[in-house]
Amino acid sequence: MIEIEIEPARASDRRAIETLLQANGLPTAGFELALGTAVVAHEGGRVVGCAAVEPYGSAGLLRSVCVDPGHRGSGLGRRLVERAEAVAAARGIADLFPLTETAADWFSRLGYQPDRRESAPGPLRTSPEFTGACPVSAALLSKRLSREALAR
Ligand SMILES: CC(C)(COP(=O)(O)OP(=O)(O)OC[C@H]1O[C@@H](n2cnc3c(N)ncnc32)[C@H](O)[C@@H]1OP(=O)(O)O)[C@@H](O)C(=O)NCCC(=O)NCCS
């Protein structure tokens with residue numbers, strides 16, 4: 001079996017990441033704002049998962065969390081979020097906010113709590129996902145990052 005490695009995304013991964021996001025119904029608008037903090041799961045050189053954080057000061061939009069359908073259910077999504085949390089914590093981000101139409105229950109299992117869109121920090125609300133790419137029905141969740149995230 002080929003091992004799956006999670007690594008920081010490189011500029012050369014961008015096209016494959018955007019293809020994965022589009023194939024799974026996730027927005028790509030504004031992804032360039034998160035490329036510097038994105039992580040990717042590679043299996044034999046192929047991108048099979050990703051997660052990214054759009055930084056807004058001490059807050060971050062956790063976005064583009066996606067696992068190839070053939071690789072779901074084995075903890076890869078959780079590992080990607082944990083790596084994204086570690087990247088965010090290392091950059092001084094204290095709070096992460098995912099905005100999702102379909103995976104609120106999944107994020108809850110990772111320690112994220114439902115939040116009100118209006119209570120998101122102002123700069124975060126200027127994100128392309130907030131202003132257009134995600135419908136108003138998308139749920140906002142939040143999580144305060146712990147010291148463990150920094151230690152990962
Ligand atoms: C959400 C997603 C990233 C999970 O990836 P994954 O690698 O399967 O996640 P994990 O293996 O860590 O977790 C799997 C568990 O979560 C559950 N789960 C998966 N997606 C779920 C969802 N949308 N809502 C609730 N639970 C979900 C599975 O049933 C499984 O439960 P089990 O452990 O009791 O069997 C993946 O389903 C995906 O890419 N979905 C499409 C894109 C998306 O909605 N992204 C989130 C918004 S940015």
Side-chain angles (χ1 to χ4, degrees), residues 1-9 13-56 59-89 91 93 95-117 119-121 123-146 148-149 151-152:
M1 200 171 105
I2 308 172
E3 201 170 318
I4 296 179
E5 288 182 66
I6 299 179
E7 304 165 302
D13 292 315
R14 181 170 169 184
R15 184 172 294 199
I17 292 172
E18 292 188 338
T19 300
L20 181 70
L21 297 177
Q22 283 164 351
N24 289 281
L26 294 183
T28 55
F31 183 74
E32 66 282 357
L33 300 169
L35 187 59
T37 54
V39 293
V40 280
H42 283 122
E43 185 185 51
R46 180 176 159 235
V47 169
V48 295
C50 57
V53 175
E54 239 177 83
Y56 293 94
L61 181 74
L62 176 59
R63 61 167 293 168
S64 304
V65 180
C66 190
V67 171
D68 169 68
H71 292 76
R72 290 182 187 167
S74 63
L76 183 54
R78 171 186 285 270
R79 284 172 58 205
L80 282 160
V81 168
E82 288 175 354
R83 283 293 290 273
E85 289 174 350
V87 171
R91 289 179 62 120
I93 291 173
D95 296 286
L96 278 184
F97 296 83
L99 193 57
T100 177
E101 279 185 85
T102 56
D105 290 347
W106 184 73
F107 281 111
S108 295
R109 287 169 58 166
L110 302 182
Y112 289 80
Q113 305 207 325
D115 212 335
R116 293 184 17 236
R117 280 173 85 114
S119 59
L124 195 117
R125 280 189 267 143
T126 66
S127 156
E129 286 211 354
F130 248 85
T131 57
C134 279
V136 287
S137 55
L140 182 75
L141 295 95
S142 66
K143 180 180 181 177
R144 171 136 302 174
L145 297 179
S146 62
E148 292 87 77
R152 278 192 202 116

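In listed order, ligands and their atoms are each counted from 1. Keep in mind the model is a prediction, meaning the values are calculated, not measured. Hydrogens, waters and symmetry mates play no part in the numbers below; they use all other heavy atoms, side chains included. We number each residue from 1, following the sequence as shown.
Among A41, A139, G77, G49, the residue whose heavy atom lies closest to atom 7 (O) of ligand 1 is G77.
Shown here, atom 35 (O) of ligand 1 is out of close reach of the protein: none of its heavy atoms lies under 4.0 Å off. Distances from atom 47 (C) of ligand 1 to the protein include at least one heavy-atom value under 4.0 Å. Distance check on atom 29 (O) of ligand 1: every protein heavy atom falls at or beyond the 4.0 Å cut-off.
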What donor-acceptor contacts under 3.5 angstrom involve side-chain atoms of residues 123-130, with partners at least two apart or in another chain?
{"unit_1": "R125", "atom_1": "NE", "unit_2": "A120", "atom_2": "O", "d": "2.9"}
{"unit_1": "R125", "atom_1": "NH2", "unit_2": "E118", "atom_2": "O", "d": "3.4"}
{"unit_1": "R125", "atom_1": "NH2", "unit_2": "A120", "atom_2": "O", "d": "3.2"}
{"unit_1": "T126", "atom_1": "OG1", "unit_2": "P123", "atom_2": "O", "d": "2.5"}
{"unit_1": "S127", "atom_1": "OG", "unit_2": "E54", "atom_2": "OE1", "d": "3.0"}
{"unit_1": "S127", "atom_1": "OG", "unit_2": "E129", "atom_2": "N", "d": "3.1"}
{"unit_1": "E129", "atom_1": "OE2", "unit_2": "R63", "atom_2": "NE", "d": "3.4"}

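For ligand 1, the atoms closer than 4.0 angstrom to any heavy atom of S74 are 11 (O). Within ligand 1, the atoms closer than 4.0 Å to a non-hydrogen atom of C66 are 39 (O), numbered from 1 in the order shown. Those atoms of ligand 1 that come under 4.0 Å of a heavy atom in T102, given as number and element, are 22 (C), 23 (N), 24 (N), 44 (O).
Residue, atom and distance of the protein heavy atom nearest to atom 45 (N) of ligand 1 are V65 O, 2.7 Å. With hydrogens left out, the protein atom closest to atom 41 (C) of ligand 1 is R72 NH2, 3.5 Å, a heavy atom. Looking only at protein heavy atoms, the nearest one to atom 12 (O) of ligand 1 is R78 N, 3.0 Å. Atom 39 (O) of ligand 1 has its closest protein heavy atom at V67 N, 2.8 Å. Nearest protein heavy-atom neighbour of atom 19 (C) of ligand 1: W106 CD1, 3.8 Å. Ranking protein heavy atoms by distance to atom 11 (O) of ligand 1, first place goes to G75 N, 2.7 Å.
Residue H71 has no nitrogen or oxygen atom sitting less than 3.5 Å from a nitrogen or oxygen atom of ligand 1, judged on distance alone. Where the criterion is an N or O separation shorter than 3.5 Å, residue side chain and backbone included, A103 fails it with respect to ligand 1. Considering both main-chain and side-chain atoms, G73 comes within under 3.5 Å of ligand 1 through a nitrogen or oxygen pair.
Using a distance-only test at 3.5 Å, with no hydrogens or angles considered, no donor-acceptor pair links the side chain of N24 to the main chain of L26. For S64 (side chain) and A52 (main-chain N/O), no donor-acceptor pair under 3.5 Å exists by modelled atom type.
Residue-level proximity to ligand 1 for P98 is absent, since no heavy atom of it falls below 4.0 angstrom. Within the 4.0 Å heavy-atom criterion, the part of L26 lying near ligand 1 is the side chain and not the backbone. Only the side chain of T100 comes within contact range of ligand 1, with a heavy atom under 4.0 Å; no backbone atom does. At a heavy-atom cutoff of 4.0 Å, ligand 1 is contacted by the side chain of R109 but not by its backbone.
A distance of 10.0 Å separates CG in L61 from CG in L33, rounded to the nearest 0.5 Å. Rounded to the nearest 0.5 angstrom, E85 CD and L96 CG are separated by 6.0 Å. Separation of atoms CZ (R83) and SG (C50) is listed at 14.0 Å; rounding is to 0.5 Å.
With a 4.5 Å cut-off on side-chain heavy atoms, W106 and L141 do not count as touching. Contact of the I6 side chain with the L76 side chain is registered, since non-hydrogen atoms from C-beta on lie closer than 4.5 Å. Proximity of Y56 to P121: side-chain heavy atoms (C-beta onward) are nowhere separated by under 4.5 Å.
For F107, the ring pair (Phe, Tyr, Trp, His ring centres under 6.0 Å) criterion is met by Y112, not counting sequence neighbours.
Partner of D115 under the side chain to side chain contact (heavy atoms under 4.5 Å, CB included) criterion, out of L99, L140, D95: L140 alone.
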Original post:
Stepwise, does the side chain to side chain contact (heavy atoms under 4.5 Å, CB included) test hold for V47 with H42?
Top reply: CA-CA 5 Å; V47 169; H42 283 122; 3.7 Å; yes
